[in-house]
Amino acid sequence: MQPGDSRNEKTWNLLIELTDLFALYSLLIIFVYDIRLISSAKETAWVDLFFDDAYYYMGITRNIVERHLSSFLPPFETNGYQPLWLILLSLSASIFGTGLHSIPIQMHLVALFFILSFFALSKKENGFGFPTILCGLFMPIIMMTGLETVMLPTLFLLFIKCDYWKKRGICGSLLFLARLDALSVVIARDLFIWIRGQKNDFKHYLYILPVVFIYFVFNYIYFGTPVPVSGLAKFIGNHIGENTVSVVNWLMVFKYPLSAFLLMVYVLLALQKKIAGAPFFNEISILLIATLICMIYYALFSGWPIWPWYLWGPFLIVYYLVLQAFTLFREMFIAHTFFGRKIYCKNFILLLGLLLAPAAPLGATFVFVHNKISHPYQFAHFNGQATSPTWETKNVELVEWIKTQHIPENSFFAMGDRSGAFGYFLGNKYRFLQTEGLVGSYEYIRALKNDDAENYIKNLKIDYWVADREEFLEDGDQIGVIEPVQGASAHIGPYLICFSRRGILLNQSYSLKGAEPQKRYLFSGKYQVQCTNKLKNEFRTLRQKYNGIRSQAFPLHRPIPSRKRCPNQRIQHKKG
């Protein structure tokens, strides 16, 4: 190495250290702000910091610690969750308590632990820490909204660096317990080694297979099904292969400018070197195979859309592309070369390094904070009022109304989509059915599979129904509510219940910022009526059409009327 190169390397290392420190500072500022908000403000101010599904974990954690039952709310026990995330949250709650604000704070802190672990491992193994935070801000739903996917980057880095089968077996088992479809990483690694014609050691399955077997047996004994009901619910009524179009969403992460730029850098590097000799080629290849396995699995067997947190594979691919890009910048900066050609404009190269090193985390932090300020799902003021109404803030307001109106304890509520925060804040003094079956019992799943859920819920004698949609089926005085609605390929399972308009106890209709007006009602079960033939026929037609029910409930691509768009409505109600 030339003396000039040595000085350049020291300058580069200093830049990276400063950038890593800035990224850590930005991350801690965000988490300190969020935790202060949770501990100091009303629930409406922070409820949207967590994605709706995170509240299922909170509710089940509370009941495991307080009642020693795996239940979201009475009366149903459930296994509708990924086990490792729930175990960690339950251990934390058993030490620090199950207060209404305490569990969300603990969830945030456990997530922060895994982000910092990801940062430290990346710094140690790859020389850069800030790409972990950059990617976390780029795709916050993976890392910062209370979901189990925050564990996967750390566990992947541990797994991929294991050179001994016992360690690899332990890390592979943890990947499986963190998220069942992450077992694809283990399979992908072995396929990659086989494709390259290298000798493989399969002894890690001596650890992984017993863990998988014990998990399935435990679930079958205690819950009647070896796999989570949340997964089973998404397969009900699916025509195999019909939902293939949904897997396109796995590739949507690469539509963003950052991803496109990183792919371009990777292609340029591949043109300069043999692709197999490029840094992080193994990791990216394994993740591509794992993503392909997941895509095929969900395309064939799931009838639901692909949600953003399923994209943990593409998230990690973007992370490695960021590493690849900055590895290339490092070579350019130190050697003053651009793809092997010497560049003599030293000041230009220095300026390029000075700009690029801090620009990525700085830009990502700016975008993230800007989104917090402007986007209703991410930010609220300390005065306790959200910047814009959301279904989560409406869930909190509904629980406040229920308690203000002195709705009798042990009353039975039912709600499907968007019900996580409602159930969590409602608490164990009431009974609750999650009508999608995500955190319900296997008996309800069987009723859906047998297309007999309508009779099942009649026997439950539901007192109150909550429904939050863009549109309902309507015929004169009747409003038809379809449950569940998220299945795109769901030819059996969904059912129709109808209410008289007199049964609307509470009208919480609202406008999402920049989106369609949302119709949200609390119905009294006393006003459930026999559906008209018109509503029944419309329902049958929708159910047999791919994406029929979902597109009717959430016609997201419909133009927004300029004059009819409803303002933020106050809560309207009548005594029930």
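Along the sequence shown, the residues carry numbers beginning at 1.
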- Any Arg189 side-chain heavy atom under 4.5 Å of Asn282 side chain: no
- Test item: His101 side-chain N/O and Ser39 main-chain N/O as donor-acceptor pair under 3.5 Å: no
- Item | Pair Tyr442-Asn79, side-chain donor/acceptor within less than 3.5 Å | no
- Query: Can the ring centres of Trp391 and Phe422 be said to be less than 6.0 Å apart?
  - Reply: no
Side-chain polar contacts of residues 174-184 - donor-acceptor pairs under 3.5 angstrom, sequence neighbours left out - could you list them?
from: Arg179; atom 1: NE; to: Asp181; atom 2: OD1; distance (Å): 3.0
from: Arg179; atom 1: NE; to: Asp181; atom 2: OD2; distance (Å): 3.1
from: Arg179; atom 1: NH1; to: Glu148; atom 2: OE2; distance (Å): 2.7
from: Arg179; atom 1: NH2; to: Asp181; atom 2: OD2; distance (Å): 3.3
from: Asp181; atom 1: OD1; to: Trp312; atom 2: NE1; distance (Å): 3.4
from: Asp181; atom 1: OD2; to: Tyr298; atom 2: OH; distance (Å): 2.9
from: Ser184; atom 1: OG; to: Asp181; atom 2: O; distance (Å): 2.7

- Identify whether the distance between the nearest side-chain nitrogen and carboxylate oxygen of Lys123 and Glu17 falls below 4.0 Å. yes
- Determine whether Glu9 and Asn13 make a side-chain contact, defined as any pair of heavy atoms from C-beta on separated by less than 4.5 Å. yes
- Task: Please confirm whether Phe72 and Phe76 have ring centers closer than 6.0 angstrom.
- Result: no
- Task: State, with a plain yes or no, whether a side-chain heavy atom of Pro153 is found less than 4.5 Å away from one of Met143.
- Result: yes
- Message: With a 3.5 Å distance limit and no angle check, can you tell me whether Ser122 reaches the backbone of Phe118 through a side-chain donor-acceptor pair?
- Response: no
- Query: Parallel, tilted or perpendicular: which fits the ring planes of Phe326 and Phe128, with parallel below 30° and perpendicular above 60°?
  - Reply: tilted
- Message: Could you check whether Phe22 and Phe130 have their ring centres less than 6.0 Å apart?
- Response: no
- Message: I need the Trp309 CH2 to Thr145 OG1 distance, nearest 0.5 Å.
- Response: 8.0 Å
- Can you say whether the rings of Trp165 and Tyr207 are parallel (under 30°), tilted (30 to 60°) or perpendicular (over 60°)? perpendicular
- Item | Pair Arg62-Ile103, side chain to side chain contact (heavy atoms under 4.5 Å, CB included): steps then yes or no | CA-CA 8 Å; Arg62 176 173 57 195; Ile103 293 179; 3.9 Å; yes
- Message: With heavy-atom distances below 4.5 Å as the criterion, would you say the side chains of Leu300 and Asn238 are in contact?
- Response: no
- Item | For Cys135 against Val322, the heavy-atom pair lying closest together | SG-CG2, 4.0 Å
- Item | Ile64 CD1 to Thr98 OG1 distance, which is reported to the nearest 0.5 Å | 12.0 Å
- Item | Worked check of side chain to side chain contact (heavy atoms under 4.5 Å, CB included) between Phe159 and Ile286 | CA-CA 12 Å; Phe159 174 80; Ile286 290 169; 5.9 Å; no
- Straight-line distance of Lys124 NZ to Lys161 NZ, nearest 0.5 Å: 10.5 Å
- Which atom pair, heavy atoms only, marks the closest approach of Ala488 to Asn243? CB-OD1, 3.8 Å
- Message: Ignoring hydrogens and geometry beyond distance, is a side-chain donor-acceptor pair present between Tyr56 and Gln434 at under 3.5 Å?
- Response: yes
- Do side-chain atoms of Thr132 reach the backbone of Gly129 as a donor and acceptor pair under 3.5 angstrom? yes
- Could you please spell out the steps behind the side chain to side chain contact (heavy atoms under 4.5 Å, CB included) verdict for Trp304 and Arg550? CA-CA 10 Å; Trp304 280 38; Arg550 191 169 188 273; over 6 Å; no
- Specify the closest pair of heavy atoms between Leu158 and Cys171, including all atoms of both residues, with the distance to one decimal. CB-SG, 3.9 Å
- Message: Please determine whether side chain to side chain contact (heavy atoms under 4.5 Å, CB included) holds for the pair Asp190 and Phe202, giving the CA-CA distance in whole Å, both sets of side-chain angles, and the decisive distance to 0.1 Å.
- Response: CA-CA 8 Å; Asp190 295 331; Phe202 294 100; 3.9 Å; yes
- Note on the structure: Output for pair (Ser173 OG, Leu209 CG), nearest 0.5 Å, gives 8.5 Å
- Task: Could you tell me whether the side chain of Asn219 and the main chain of Val227 form a donor-acceptor pair under 3.5 Å?
- Result: no
- The single option from Ser70, Pro228, Ser230 passing side chain to side chain contact (heavy atoms under 4.5 Å, CB included) against Tyr81: Ser70
- Considering all heavy atoms of both residues, which atom of Pro484 and which atom of Leu448 are nearest to each other, and what is their separation? CD-CD2, 4.2 Å
- Any side-chain donor paired with an acceptor under 3.5 Å for Tyr310 and Thr149? no
- Once the angle between the rings of Phe50 and Tyr55 is folded into 0 to 90°, is it parallel (under 30°), tilted (30 to 60°) or perpendicular (over 60°)? perpendicular
- Query: Near Tyr220 OH, under 6.0 Å, is it more than 12 heavy atoms from other residues, nucleotides or ligands?
  - Reply: no
- Note on the structure: Rounded to the nearest 0.5 angstrom, the CD1-CG distance for Ile306 and Leu311 is 8.0 Å
- Item | Non-hydrogen atoms of Arg168 and Asp201 that approach each other most closely | NH2-O, 3.4 Å
- Parallel, tilted or perpendicular: ring planes of Phe301 versus Tyr297, cut at 30 and 60 degrees: tilted
- Message: In the structure I gave you, are the side-chain heavy atoms of Phe280 and Asn126 within less than 4.5 Å of one another anywhere?
- Response: yes
- Sole candidate of Leu69, Asn63, Val439, Ile60 that passes side chain to side chain contact (heavy atoms under 4.5 Å, CB included) when paired with Glu77: Leu69
- For the student: nearest non-hydrogen atoms of Ile445 and Ala233, plus distance: CD1-CB, 3.8 Å
- Task: For the pair Trp85 and Tyr57, name the ring-plane relationship: parallel under 30°, tilted 30 to 60°, perpendicular over 60°.
- Result: perpendicular
- Query: Is there side-chain contact between Pro104 and Trp46, with heavy atoms separated by less than 4.5 Å?
  - Reply: yes
- Query: With a cut-off of 6.0 Å (strictly less than), are more than 12 heavy atoms of other residues, nucleotides or ligands near CH2 of Trp194?
  - Reply: no
Acceptor/donor pairs from residues 105-113 side chains to any protein atom, 3.5 angstrom cut, sequence neighbours excluded:
from: Gln106; atom 1: OE1; to: Ser92; atom 2: OG; distance (Å): 2.6
from: Gln106; atom 1: OE1; to: Ala93; atom 2: N; distance (Å): 3.0
from: Gln106; atom 1: NE2; to: Gly97; atom 2: O; distance (Å): 2.9
from: Gln106; atom 1: NE2; to: Ser102; atom 2: O; distance (Å): 3.4
from: Gln106; atom 1: NE2; to: Ser102; atom 2: OG; distance (Å): 2.7
from: His108; atom 1: NE2; to: Asp34; atom 2: OD2; distance (Å): 3.1

- Message: What I'd like to find out is whether the side chain of Leu27 reaches to under 4.5 Å of the side chain of Leu116, using heavy atoms alone.
- Response: yes
- Spacing of Ile289 atom CD1 and Ile284 atom CD1 [to the nearest 0.5 Å]: 12.5 Å
- Are any of the side-chain heavy atoms of Thr61 and Leu86 separated by less than 4.5 Å? yes
